[in-house]
2 protein chains.
Amino acid sequence: MGNNKEIANVSKATIGRMPAYLRYLKEKELAGERTISSTAIAEDLRLNAVQVRKDLAVISTVAGKPKLGFEIADLIADINRFLGYDNVTDAVLVGAGGLGRALAGYGGFRNYGLNIVAAFDKDPDLIGKKINGVPVFDAGEIAHMVRRLNVLIGIIAVPKAAAQQAADALVSGGARAIWNFASAHLNLPDSIAVKNEDMAASLAILSKRLAEILYNEK
Amino acid sequence: MGNNKEIANVSKATIGRMPAYLRYLKEKELAGERTISSTAIAEDLRLNAVQVRKDLAVISTVAGKPKLGFEIADLIADINRFLGYDNVTDAVLVGAGGLGRALAGYGGFRNYGLNIVAAFDKDPDLIGKKINGVPVFDAGEIAHMVRRLNVLIGIIAVPKAAAQQAADALVSGGARAIWNFASAHLNLPDSIAVKNEDMAASLAILSKRLAEILYNEK
DNA sequence: TTTTTATCGATAAAATTTTATCAAATCATA
DNA sequence: TATGATTTGATAAAATTTTATCGATAAAAA
């Protein structure tokens with residue numbers, strides 16, 4: 001996924017903003033616009049215009065033009081390429097319960113270059129069935145299947161208590177990246193990329209911002 | 001939620017790490033340990049020890065002791081208080097489909113001081129029912145109900161196309177914080193706290209990290 | 001009791017990220 | 001065609017965040 005030449009020296013913050021730019025630009029394109037300025041993007045996305053220009057400089061192959069700004073179509077293509085959305089990567093999902101089902105059903109992943117090819121669960125009632133088109137296998141098969149399917153990305157959507165075990169199984173099958181939706185701390189070697197989808201952290205940040213806003217206005 | 005005296009001068013990054021500390025400390029407490037050093041936390045959580053000490057200094061009421069470290073129980077209490085987990089805030093959920101259902105069923109929120117009191121959807125088949133114990137109302141009622149329930153936090157779990165409308169309804173009812181799970185850019189006044197749960201951004205960061213790891217090892 | 005050792009907390013340094021400034025470029029307009 | 005307005009991209013400054021250093025301190029060991 002993505003472009004090798006671009007992996008270095010791009011901050012996590014910049015990478016994290018890319019999908020927002022992409023969504024925004026697609027909106028604008030749909031609205032029939034052809035070019036856009038960093039100023040306009042910054043204003044709408046509540047960012048600093050210089051930051052936007054720096055971010056775009058990282059990925060864009062075509063320079064912006066004074067007085068006009070950037071070609072929207074070019075930017076979209078560049079961000080898609082940068083994020084690796086133009087080629088699809090397979091992933092497996094551990095946990096076919098509530099959240100797992102929701103994730104499997106979230107069609108959007110296809111747009112993000114992610115294709116969930118298999119799900120795993122312990123529940124015998126689920127094994128052998130399909131959730132949103134994704135076949136569910138026995139959790140005992142994780143390592144074996146991951147290896148067979150040659151999958152690098154595992155998504156964990158199991159209860160806290162089962163998360164570490166799921167991660168270990170994925171890794172022992174050869175997975176190299178774990179997207180962890182369980183609110184559990186995973187202990188994994190540094191050679192594995194881990195992204196914790198930490199709802200608690202998000203909520204904490206939102207709460208603090210809310211508290212700040214309420215505090216400041218009186 | 002949280003403590004007013006502590007809202008200023010605490011970076012988003014620090015706030016975001018708090019839940020991870022909390023989870024980790026609870027683990028340790030459960031394992032029967034009484035004290036812990038910043039060094040140990042840093043090692044396990046892959047952080048810098050000085051950073052851990054600085055983070056803890058923000059919230060802790062009790063100083064650490066040389067040679068021993070911090071009292072785990074004290075830290076847990078302090079973080080709980082800091083994050084506002086010791087008092088519960090009501091929230092409403094817009095969207096009772098796959099993701100909405102998963103969120104409603106995610107019992108963990110209660111631990112994070114969040115209580116979902118109502119859900120909304122357009123689907124007549126869902127209205128009047130309950131999803132995981134949360135009653136579902138007509139989406140047309142959002143503003144009215146939010147005002148009546150005096151709710152400040154709204155969670156958006158609807159398809160992209162409906163997200164802005166949902167946000168507007170929440171805000172017009174008096175909500176001041178929006179937790180947005182739709183991958184859509186919301187246009188809202190600065191007086192509203194918004195946290196985008198941007199799956200695409202997370203995936204992008206994970207993918208880049210994976211690419212980096214794979215690239216570096218050959 | 002004295003010495004050793006581990007850890008804190010304060011301060012300083014380094015690194016990173018964000019924001020400001022400004023000359024150069026180019027489009028639109030007169 | 002010349003002028004003015006607007007935006008870029010480069011460079012610099014500011015702000016923030018992370019990491020390093022080190023004296024002080026308290027527990028453990030000698």
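Here is how names work: the chains are called A, B, and so on, in the same order as the sequence lines, proteins then strands, and each is numbered from 1. Only heavy atoms go into these numbers, but all of them, side chains included; no hydrogens, no water, no symmetry mates. Treat the numbers as computed from the prediction; the structure is a model and nothing was measured.
- Ring centroid separation for the pair Tyr112(A) and Trp179(A) does not come in under the 6.0 Å cut-off.
- Each side-chain hydrogen bond (donor to acceptor under 3.5 Å, both in side chains) pair with one or both residues in residues 28-40 of chain B, not counting sequence neighbours, appears once here: Ser38(B)-Arg53(B).
- Counting 5' to 3', DNA chain C first comes under 4.0 angstrom of a heavy atom of chain A and last does so at the ends given by dT17(C) to dC27(C).
- Here Leu203(A) contributes atom CG and Ile153(B) contributes atom CD1; the two are 6.0 Å apart, rounded to the nearest 0.5 Å.
- In terms of position along DNA chain C, the nucleotide closest to Val50(A) lies nearer the 5' end than the nucleotide closest to the other residue of the pair Lys65(A) and Val50(A).
- Heavy-atom distances to DNA chain D give each of Lys54(A) and Leu68(A) a nearest nucleotide, and the one nearer the 5′ end belongs to Leu68(A).
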| message | Under the criterion side chain to side chain donor-acceptor pair (under 3.5 Å), I'd like the reasoning laid out for Gln51(B) against Asp55(B): C-alpha separation, chi angles, the key distance, then a yes or no. | response | CA-CA 6 Å; Gln51(B) 185 173 60; Asp55(B) 284 345; 5.4 Å; no

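- A donor-acceptor pair under 3.5 Å is formed between the side chain of Arg209(B) and the backbone N or O of Val194(A).
- Of the possible donor and acceptor atoms, none in the side chain of Asp74(B) sits under 3.5 Å from a partner among the backbone N and O of Asp78(B).
- Of the residues in residues 22-46 of chain A, not one places a heavy atom less than 4.0 Å from an atom of DNA chain C.
- When the side-chain nitrogen and oxygen atoms of Arg53(A) are compared with OP1 and OP2 of dG9(D), none of them lie within a distance under 4.0 Å.
- Within 6.0 Å of the CD atom in Glu43(A), the count of heavy atoms belonging to other residues, nucleotides or ligands does not exceed 12.
- Among the heavy atoms of the strands lying under 4.0 Å from Ala63(B) are primed sugar atoms or P, OP1, OP2 only; no base atom is included.
- What separates CG of Leu75(A) from P of dT8(D) is a distance of 10 Å, to the nearest Å.
- Val134(A) and Ala104(A) get closest at one heavy-atom pair: CG2-CB, 4.2 Å.
- Where Thr14(A) and Lys67(A) meet DNA chain C, the nucleotide closest to each residue was compared, and Thr14(A) sits on the side nearer the 5' end.
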